[in-house]
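Since this is a predicted model, take the numbers as computed values, not measurements. The figures that follow rest on heavy atoms only: side chains count, while hydrogens, waters and symmetry mates do not. First listed ligand is number 1; within each ligand, the first listed atom is number 1. Numbers here simply count residues along the sequence, with the first being 1.
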Amino acid sequence: MENKVDAGLAIYVHWPFCRSKCPYCDFNSHVRDNVDEARWSRALTAEIAHTAARLESPRRRATSIFFGGGTPSLMPPSVAAAVIDAIARHFTLADDAEITLEANPTSAEAGSFRGFRDAGVNRLSLGVQALNDTDLRALGREHSAAEALAALDAAQTVFPRASFDLIYARPGQTLNDWRGELKQALALAGTGAGAGHLSLYQLTFEQGTPFFQARRRGAIQPLDDDVAADMFDLTQDMCEAAGLPAYEISNHAAPGRECRHNLNYWRYGEYAGIGPGAHGRLRLQGALCAVKAHRSPEKWLAAVESKGHGGEPPARLDQRTRAEEALMMGLRLREGVGAERFEAATGVPLRTCLPASARQDLIEGGFLAPGADGLRATAKGRNVLDAVLGELAASLQIPAEVPVVS
Ligand SMILES: C[S@@+](CC[C@H](N)C(=O)[O-])C[C@H]1O[C@@H](n2cnc3c(N)ncnc32)[C@H](O)[C@@H]1O
Ligand code: SF4
C-alpha cells in the first residue's frame, strides 16, 4: 500500500567512529587510527542513492535526518554537507526538516559547530553524561564538566535547537546527588532560545562491555533497583515541574520541542538507515520490511563499494512482529499507541489483538492506563516496560484469517 499522502521518511545516518571507547557503551562504535573521510563520504552518498532507488515511489519526502554514532561530530562538516546534499537530491527534503547531529562535548568538536550549522544541521544532541569530573572519569569520558558546559553553551548559541544527554543511576550515586545534578541540568536545559530538551538515561550494564565484566567480578557495584526506581520517579517529577515533562521513557521536552526524528520511530513510522549497522523499516513491494546493514565498518564499506549498498537482504515483517514492534515502540511514549496508527501498521485492529480481558491485570496493577482508543503505559509501567511487554506479547491475539495488509 502506498500512502496517497506521503507521511514522510526519517533518515538515520551512522558514523561508526569514536576517539576512544567508553567502558559502558555497546553502540556500533569503533576506534580507528585513520579514517579515509572522502571514501566514507562517497560510500554514504552512494547508499543514499541506492535507498532512494529501491523505494517504490520515485521521490519520497524526507522529514528528518539524524546523524548518530559513534561520534558524528568527528566527521568533517563537509561530509555532513555532502550527505545532506545527497538526501536533498534523491528525496524531497521537507523545508522544515529536522536535522540532528550527535556530538561529544570536547573543545575540539565545539570548534566544528558552526561548520555543521552551515552544512544544514539545525539540532545538536550533546553527550554530556555527568556534571562532575569524578563521575566523568569513572564513565571513562575524555572531557571535563567545564568543557561540557562550554560546549553546551556554544551549541545553544549556534544551533536553533540543542539537547543534552545525562546518564544517571551511576555506581555510588545517591538520590540526593541526582537531585542536585538534575536541578542543575534543568536550569541549563530550560533556558535559552534553542533549549527545552533533555535525554536522561539510567545506566545499563550491556553484555560484552568492560562495565558488564567489572560488575560480574564485583569491581563495580550497581545501584540497588529500588534506589534506581526512586531516581526514575524523581526524574519524572522534577522534569514535569520544570516544564519538561517526559514524552518518552528517557526523553523530556517542553511542548513542541520533542525530537521529531525519534518520535517517528516510536510511532512506528517508516525510516531508512544509512551506514554500518543502521536499521530501517521500509515498505518494499507492498510490504513493511526490516532492512539491516553490516555492522562492521570495513565490511559495510567494501559492500557499498562493490554493489552500491551495505545492507543484508530485506526481511518482510509478519503481522505478529509488526504488532509487537508497534507496541514495543509506542508504549515507550507517554501518548501511547494510537488505535488508528496500530491498525495502519499491522493490518489488525488493536482491540482484536488485545481485547479488554488481555489488558485488565496490567490496568488493575497500575501499569497500563485504560482507554478505548489506543493503549498507554503509566509512568510506573514505563519504568518496567520490558516486563509489561512480555505479558502483552504472551496474550497478543493475531487472527490467522486476516490477510497481510501492507
Ligand atoms: C550513541 S551515544 C552518544 C553519542 C556520543 N558519542 C557521546 O558519547 O556523547 C548516545 C547516548 O546513549 C547513552 N548511553 C550509551 N550507553 C549507555 C548505557 N550503557 N547506559 C545508559 N546510557 C547509555 C549516552 O547518554 C549517550 O549520550
Ligand atoms: S558513548 Fe559515545 S563516545 Fe563513548 S563509545 Fe559510545 S558512542 Fe563512542
Side-chain angles (χ1 to χ4, degrees), residues 12-32 35 66-75 80 100-110 112-113 116 121 123-131 135-145 147-152 154-155 162-171 173 178 181-182 185 189 197-216 220 222-223 228 231-232 235 248-252 259 261-262 265 273 275-279 295 297 332 383 385-386:
Y12 175 80
V13 182
H14 192 76
W15 184 260
F17 305 113
C18 293
R19 228 182 242 121
S20 63
K21 184 85 190 174
C22 305
Y24 54 83
C25 176
D26 82 335
F27 281 78
N28 188 25
S29 56
H30 308 266
V31 179
R32 298 285 184 265
V35 176
F66 194 104
F67 290 96
T71 307
S73 50
L74 293 176
M75 281 188 306
T100 303
L101 179 107
E102 283 184 338
N104 279 27
T106 69
S107 47
E109 285 153 88
S112 305
F113 286 175
F116 284 118
V121 172
R123 183 173 182 276
L124 199 85
S125 172
L126 202 61
V128 172
Q129 320 306 3
L131 290 171
D135 286 9
L136 284 171
R137 265 194 302 276
L139 289 171
R141 300 292 291 182
E142 289 213 319
H143 54 86
S144 65
E147 222 179 337
L149 293 182
L152 180 61
S163 173
F164 63 97
D165 299 353
L166 292 178
I167 296 179
Y168 70 98
R170 308 190 285 261
Q173 196 176 34
W178 176 233
E181 190 169 359
L182 183 54
H197 191 286
L198 201 49
S199 300
L200 304 167
Y201 301 107
Q202 285 202 25
L203 177 66
T204 52
F205 289 81
E206 305 290 348
Q207 202 155 5
T209 60
F211 264 32
F212 184 85
Q213 315 294 356
R215 185 180 68 169
R216 188 179 263 174
I220 290 184
L223 282 197
M231 286 185 177
F232 179 84
T235 304
E248 190 266 349
I249 296 177
S250 309
N251 284 281
H252 306 260
C259 174
H261 181 88
N262 289 339
Y265 296 144
H279 290 250
R295 259 179 88 82
R332 300 182 65 92
N383 193 20
L385 190 59
D386 285 349

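- Side-chain atoms of R141 come within 3.5 Å of backbone N or O of G127 as a donor-acceptor pair.
- The protein heavy-atom contact nearest to atom 8 (O) of ligand 1 is R141 NH1, 2.9 Å.
- In this structure, the protein non-hydrogen atom closest to atom 15 (C) of ligand 1 is F27 CE1, 3.3 Å.
- From the protein, the heavy atom lying nearest to atom 13 (C) of ligand 1 is Y201 CD1, 3.9 Å.
- Given atom 2 (Fe) of ligand 2, the protein heavy atom at minimum distance is R141 NH1, 4.0 Å.
- Using a 4.5 Å heavy-atom threshold, the side chains of I220 and F211 count as touching.
- For S29, the heavy-atom gap to ligand 2 drops under 4.0 angstrom.
- With N104, L203, D165 as candidates, the residue nearest to atom 11 (C) of ligand 1 on a non-hydrogen basis is D165.
- E181 and Q173 make their closest contact through OE1-NE2, 3.3 Å (heavy atoms, listed as atom of the first residue, atom of the second, distance).
- Ligand 1 places these atoms under 4.0 Å from at least one heavy atom of G70: 4 (C), 5 (C), 6 (N).
- The minimum heavy-atom distance between Q129 and R170, with the atom names listed, is O-NH1, 3.2 Å.
- Looking from atom 1 (S) of ligand 2 to the surrounding protein, the closest heavy atom is Y24 OH, 3.4 Å.
- Listed for the E102 side chain is a donor-acceptor partner under 3.5 Å among the backbone atoms of G69.
- Atom 8 (Fe) of ligand 2 has an N, O or S atom of C18 inside 2.8 Å of it.
- Between T204 and E206, the shortest heavy-atom contact is OG1-OE2, 2.6 Å.
- The nearest heavy-atom contact from the protein to atom 25 (O) of ligand 1 is Q129 OE1, 2.8 Å.
- The shortest heavy-atom contact between P276 and N28 is O-ND2, 3.2 Å.
- In this structure, atom 5 (S) of ligand 2 lies nearest to the protein heavy atom C22 N, 3.3 Å.
- In C25, the part holding a heavy atom less than 4.0 Å from any atom of ligand 2 is the side chain.
- Ligand 1 places these atoms under 4.0 Å from at least one heavy atom of A103: 9 (O).
- In this model, no donor atom of one side chain and acceptor atom of the other lie less than 3.5 Å apart for T209 and D26.
- Among the atoms of T204, some N or O lies under 3.5 angstrom from an N or O of ligand 1.
- When each atom of ligand 2 is checked for a heavy atom of T71 under 4.0 Å away, the hits are 3 (S), 8 (Fe).
- For the residue pair W15 / S73, no side-chain donor-acceptor distance below 3.5 Å is found, with atom types taken as modelled.
- One option in E206, H14, E102 has a heavy atom closer to atom 10 (C) of ligand 1 than any other, and that option is E102.
- Looking only at protein heavy atoms, the nearest one to atom 23 (C) of ligand 1 is I167 CD1, 3.8 Å.
- The closest protein non-hydrogen atom to atom 1 (C) of ligand 1 is G69 O, 3.1 Å.
- Per-residue contacts place T71 under 4.0 angstrom from the following atoms of ligand 1 (heavy atoms of the residue considered): 6 (N).
- Taking 4.0 Å as the cut-off between side-chain N and carboxylate O, R19 and E109 count as a salt-bridged pair.
- Q202 places no side-chain N or O within donor-acceptor distance of the main-chain N or O of A169, the cut-off being under 3.5 Å.
- Nearest heavy atoms, A103 versus F113: CB-CE2, 4.2 Å.
- Under a cut-off of 6.0 angstrom, the local environment of CZ in R216 is sparse, with at most 12 non-hydrogen atoms contributed by other residues, nucleotides or ligands.
- The cationic group of R215 lies under 6.0 Å from the six-membered ring centre of F205 and within 45° of the ring axis, placing it in a cation-pi geometry.
- Of the protein's heavy atoms, Y24 CD1, 3.6 Å lies nearest to atom 17 (C) of ligand 1.
- Nearest non-hydrogen protein atom to atom 21 (C) of ligand 1 is Q202 O, 3.3 Å.
- The nearest heavy-atom contact from the protein to atom 3 (S) of ligand 2 is N104 ND2, 3.3 Å.
- With ligand atoms numbered from 1 in the order given, ligand 2 contributes 7 (S) to contacts under 4.0 Å with heavy atoms of G70.
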